[in-house]
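Scroll down for the structure; my scribbles are underneath it.
Remember, it's 1-based here, ligands and their atoms both numbered in the order they're listed.
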Amino acid sequence: MQKCDVLIIGSGVAALQLAGQLSRNLNVIVLTKSHLKHGNSSIAQGGVAAALGAHDHPHIHYTDTLEAGRHINDPSAVKDLTEAAPSLISELLNNGCEFDVGKDGLPILGMEGSHQHHRIIHGGGDQTGKRIVEGLIKNVGSNVEIIENLFVYDLLLDGHLGQCYGAKGKDHNGSTHTLIADHVVLSTGGCGQVYEITSNASTVTGDGLALAYRAGAEMVDMEFVQFHPTLLYVNGEAKGLVSEAVRGEGAKLITPDGTRIMQGVHPLEDLAPRHIVSQTIYDYIQQGINVFLDISSIPNFHQRFPTITKLCEQNGVAISGGKIPVAPGCHFLMGGVKTDKIGRTNINSLYAIGEVACTGVHGANRLASNSLLEGLVYGKRLAQSINQAKQEKRPEKIFSNKRKSLPLLQLPDMDLIQASMMKHTGIVRTKEDLLQQKKMLESYNIKGLMEIDYDRLSIDQLTTIFMLTTSWMITSSALERTESRGGHFRSDIPFERDDWASSHITLKRQWEKGEVYELIKNAATT
Ligand SMILES: Cc1cc2nc3c(=O)[nH]c(=O)nc-3n(C[C@H](O)[C@H](O)[C@H](O)COP(=O)(O)OP(=O)(O)OC[C@H]3O[C@@H](n4cnc5c(N)ncnc54)[C@H](O)[C@@H]3O)c2cc1C
């Protein structure tokens with residue numbers, strides 16, 4: 001058993017920002033199920049949004065964020081985020097983060113969809129995530145121990161105090177490790193891998209979401225999944241992301257005969273909100289018409305977008321041809337573990353930051369380049385709060401959560417979950433499809449899976465259970481929301497409904513009561 005003051009589960013931007021900003025006299029562990037730089041943060045391309053332009057202002061960034069989120073965001077969280085952005089960028093630059101700067105020494109500002117101004121700060125052209133992660137690692141002190149290849153599969157809870165005091169992990173040999181901490185932080189990222197077509201890293205399987213739900217955390221807005229319009233699409237498979245910054249630089253979406261598909265669909269055309277562009281491309285592909293990004297107008301494409309150039313070339317797409325084949329795929333989860341402005345959940349001493357959290361900043365659809373920003377802002381804010389907190393007393397004895405030794409039912413293959421989620425809970429949803437998906441997921445006894453003892457399961461079995469649980473949360477919430485809004489599109493109800501305009505779906509499991517599932521719908525009458 002290992003003890004520390006702060007246990008940070010995950011090693012993306014949110015985790016590393018927190019670790020670097022925590023007081024040097026705190027004992028900190030950062031742990032990851034893979035290696036330190038593996039995750040969505042390191043592959044982020046486009047950049048970080050901040051209102052730094054001469055004619056820009058945080059208030060315009062604020063209104064753009066609300067508009068993209070279809071006004072279901074928490075306005076005060078959005079205000080704080082957008083106001084914090086400019087100084088955060090200066091701080092990163094001062095700490096040695098290598099962003100692309102112009103001759104004047106100021107960051108070069110890129111453009112992305114639904115932003116009214118150029119405000120995307122980037123590094124290495126399209127290697128922003130890698131640059132930020134490397135910058136943050138430099139800032140981590142010797143008080144931080146990094147543990148790689150440890151898969152967290154359970155949160156330790158004291159039911160009497162309603163408190164989280166640690167986690168259990170498994171290494172690749174199947175040995176169990178127990179970690180005890182005053183503060184336990186989930187920064188495990190999103191869940192892109194529950195979908196067949198995704199831009200996300202292979203490790204992004206919704207683990208933290210399922211862990212939190214099992215522990216009794218409130219989960220909110222799980223129906224809001226962002227499908228990125230342009231994944232490189234070769235031989236029916238997604239091969240990686242083609243950043244929105246490419247359209248920001250002037251690329252247009254076209255059919256094989258050169259027809260521009262976004263003209264007449266939205267006033268912002270190719271830079272319309274992501275859900276609108278994704279749904280339009282999806283409709284064409286459903287009709288058997290391939291869609292391409294026409295990049296012929298972008299000079300020096302390979303210099304501005306070295307990662308995308310390499311990705312295309314590795315997959316047999318020549319940049320010199322001027323056209324990149326694309327399809328939409330799962331990219332980002334707007335919902336997640338419900339937190340306050342510091343990252344606190346409803347369980348004492350359990351926090352969530354980064355993509356696993358739902359702070360209310362993204363609403364029904366995330367504005368491009370706001371998620372690295374969110375991880376950085378909340379990582380810093382949580383550090384300030386923990387630094388000031390009186391150190392909690394750890395429980396004297398370790399409570400072990402009551403788990404049943406029930407037999408494990410046959411689990412599905414992961415690719416069955418991914419394919420069925422894409423088909424039934426994907427870009428375009430209907431009541432029938434969602435009901436069918438929910439039934440399929442529940443046939444694996446989701447309730448029972450919450451109760452069993454995970455100690456004896458393999459990492460593959462645990463990952464499958466986490467994917468099933470997360471898929472179930474997304475599908476159940478999507479079924480409940482009887483309207484279309486942002487990333488959640490129902491072709492059977494293809495419009496926003498006023499009575500849903502300020503309503504959120506919250507899922508919470510009453511783990512103390514064992515069997516009880518509670519669906520709190522702070523919601524419209526349906
Ligand atoms: C291709 C791509 C491009 C993107 N481009 C941009 C962009 O330009 N701008 C922007 O703002 N956003 C972008 N995003 C989104 C952004 O990258 C993510 O939202 C953000 O990086 C998430 O950071 P995080 O710290 O929350 O999690 P991640 O970076 O995903 O890290 C999660 C960590 O948790 C660990 N973990 C997970 N489960 C477990 C477990 N069970 N046990 C132990 N460890 C675990 C993982 O190993 C990893 O270390 C992009 C995303 C993708 C996929």
Side-chain angles (χ1 to χ4, degrees), residues 7-19 30-50 85 110 112 120-123 126-133 136 146-155 167-171 177 179 185-193 198-211 226 228 230-232 238-245 248 307-308 311 329-334 336 352-357 362 366-376 378-379 454 459 462-463 466 470:
L7 173 63
I8 306 175
I9 307 170
S11 63
V13 284
L16 293 169
Q17 169 79 330
L18 168 64
V30 167
L31 70 79
T32 166
K33 68 177 179 182
S34 180
H35 61 84
L36 182 61
K37 295 184 189 170
H38 191 193
N40 278 354
S41 294
S42 291
I43 56 172
Q45 296 178 349
V48 188
E112 287 189 327
I120 314 300
I121 291 91
H122 46 84
D126 55 9
Q127 301 169 54
T128 313
K130 183 168 175 279
R131 292 277 172 100
I132 296 178
V133 165
L136 293 175
I146 290 171
I147 303 178
E148 296 181 296
N149 299 310
L150 190 65
F151 179 95
V152 170
Y153 66 92
D154 205 3
L155 295 173
K168 284 203 261 184
K170 248 178 220 293
D171 63 26
H177 301 251
L179 298 114
V185 185
L186 285 170
S187 44
T188 44
C191 63
Q193 286 293 337
T198 180
S199 64
N200 283 203
S202 57
T203 45
V204 186
T205 45
D207 305 4
L209 299 156
L211 284 166
Q226 182 179 84
H228 195 288
T230 56
L231 306 194
L232 174 63
K239 301 290 184 186
L241 185 74
V242 181
S243 167
E244 192 157 301
T307 309
I308 297 168
L311 182 73
C330 177
H331 189 54
F332 185 81
L333 177 70
M334 274 69 76
I353 52 172
E355 194 171 331
V356 70
H362 302 301
R366 173 188 68 127
L367 182 69
S369 288
N370 264 356
S371 47
L372 291 173
L373 177 63
E374 183 193 29
L376 292 163
Y378 280 78
Y454 285 0
I459 290 178
L462 291 160
T463 303
F466 293 159
T470 300

Next item on the list: Check the side chains of His362 and Glu374 for a donor-acceptor pair under 3.5 angstrom, ignoring hydrogens and angles.
Entry: yes
Check: If you measure from each heavy atom of Arg366 to ligand 1, is any distance below 4.0 Å?
Finding: yes
Checklist line | Heavy-atom pair with the smallest gap, counting every atom of Thr198 and Leu231 | finding: C-CD1, 3.5 Å
Note to self: Any donor-acceptor pair under 3.5 Å linking the side-chain atoms of Thr463 with those of Lys33?
What the structure shows: no
Notebook entry, point to check: So which bit of Thr205 gets within less than 4.0 Å of ligand 1, heavy atoms only: side chain, backbone, both or neither?
Noted result: neither
Note to self: Does the residue Leu462 have a heavy-atom contact with ligand 1, meaning some pair of atoms that are separated by less than 4.0 Å?
What the structure shows: no
Next item on the list: Answer side chain, backbone, both or neither: which part of Ser187 comes under 4.0 Å from ligand 1, heavy atoms only.
Entry: backbone
Margin query: Below a 4.0 angstrom heavy-atom separation, can you tell me which part of Phe332, side chain or backbone, both or neither, approaches ligand 1?
Written below: side chain
Check: Does Val13 come within less than 4.0 angstrom of ligand 1, counting non-hydrogen atoms of the residue?
Finding: yes
Next item on the list: Select the closest option to atom 9 (N) of ligand 1 among Ser11, Gly47, Ala44, Ser34, judged by heavy-atom distance.
Entry: Gly47
Margin query: If you measure every N or O of Gly354 against every N or O of ligand 1, does any of those distances drop under 3.5 Å?
Written below: no
Check: With backbone taken as N, CA, C and O and side chain as the heavy atoms from C-beta onward, which portion of Val152 lies under 4.0 Å from ligand 1: side chain, backbone, both, or neither?
Finding: both
Item checked: Ile43 near ligand 1 by a heavy-atom separation under 4.0 Å -> yes
Check: Does NZ belonging to Lys130 count more than 12 external heavy atoms closer than 6.0 Å?
Finding: no
Check: Leu373 to ligand 1: N or O pair under 3.5 Å?
Finding: no
Item checked: NZ/Lys239: more than 12 non-hydrogen atoms of other groups inside 6.0 Å -> yes
Check: Should Asn200 be listed as contacting ligand 1, given a heavy-atom distance under 4.0 Å as the test?
Finding: yes
Item checked: Heavy-atom donor-acceptor pair, Asp154 side chain to Lys168 backbone, under 3.5 Å -> no
Note to self: I want to confirm something. Looking only at heavy atoms, which of Ile121, Val133, Thr188 is nearest to atom 32 (C) of ligand 1?
What the structure shows: Thr188
Check: Considering Gly192, Gly375, Gly39, Ser41, which one's heavy-atom position lies nearest to atom 24 (P) of ligand 1?
Finding: Ser41
Checklist line | Heavy-atom check, side chain of Ile43 versus side chain of Leu241, under 4.5 Å | finding: no
Notebook entry, point to check: Taking atom types as modelled, is there a side-chain donor on His331 or Ser199 under 3.5 Å from an acceptor on the other?
Noted result: yes
Notebook entry, point to check: Does at least one non-hydrogen atom of Gly129 fall below 4.0 angstrom from an atom of ligand 1?
Noted result: no
Checklist line | Gln17 and ligand 1 - part of the residue with a heavy-atom distance under 4.0 Å | finding: neither
Check: Which residue from Glu112, Glu355, His331 reaches closest to atom 52 (C) of ligand 1 through any of its heavy atoms?
Finding: His331
Next item on the list: Can you label the angle between the Phe466 ring and the Phe151 ring as parallel, tilted or perpendicular, going by 30° and 60°?
Entry: parallel
Note to self: Among Leu209, Leu18, Thr463, Thr32, which one puts a heavy atom closest to atom 47 (O) of ligand 1?
What the structure shows: Thr32
Check: Got Cys330 and Asn200 here, is their nearest side-chain heavy-atom distance under 4.5 Å?
Finding: no
Margin query: If I apply the N/O under 3.5 Å rule, does Lys33 come out as touching ligand 1?
Written below: yes
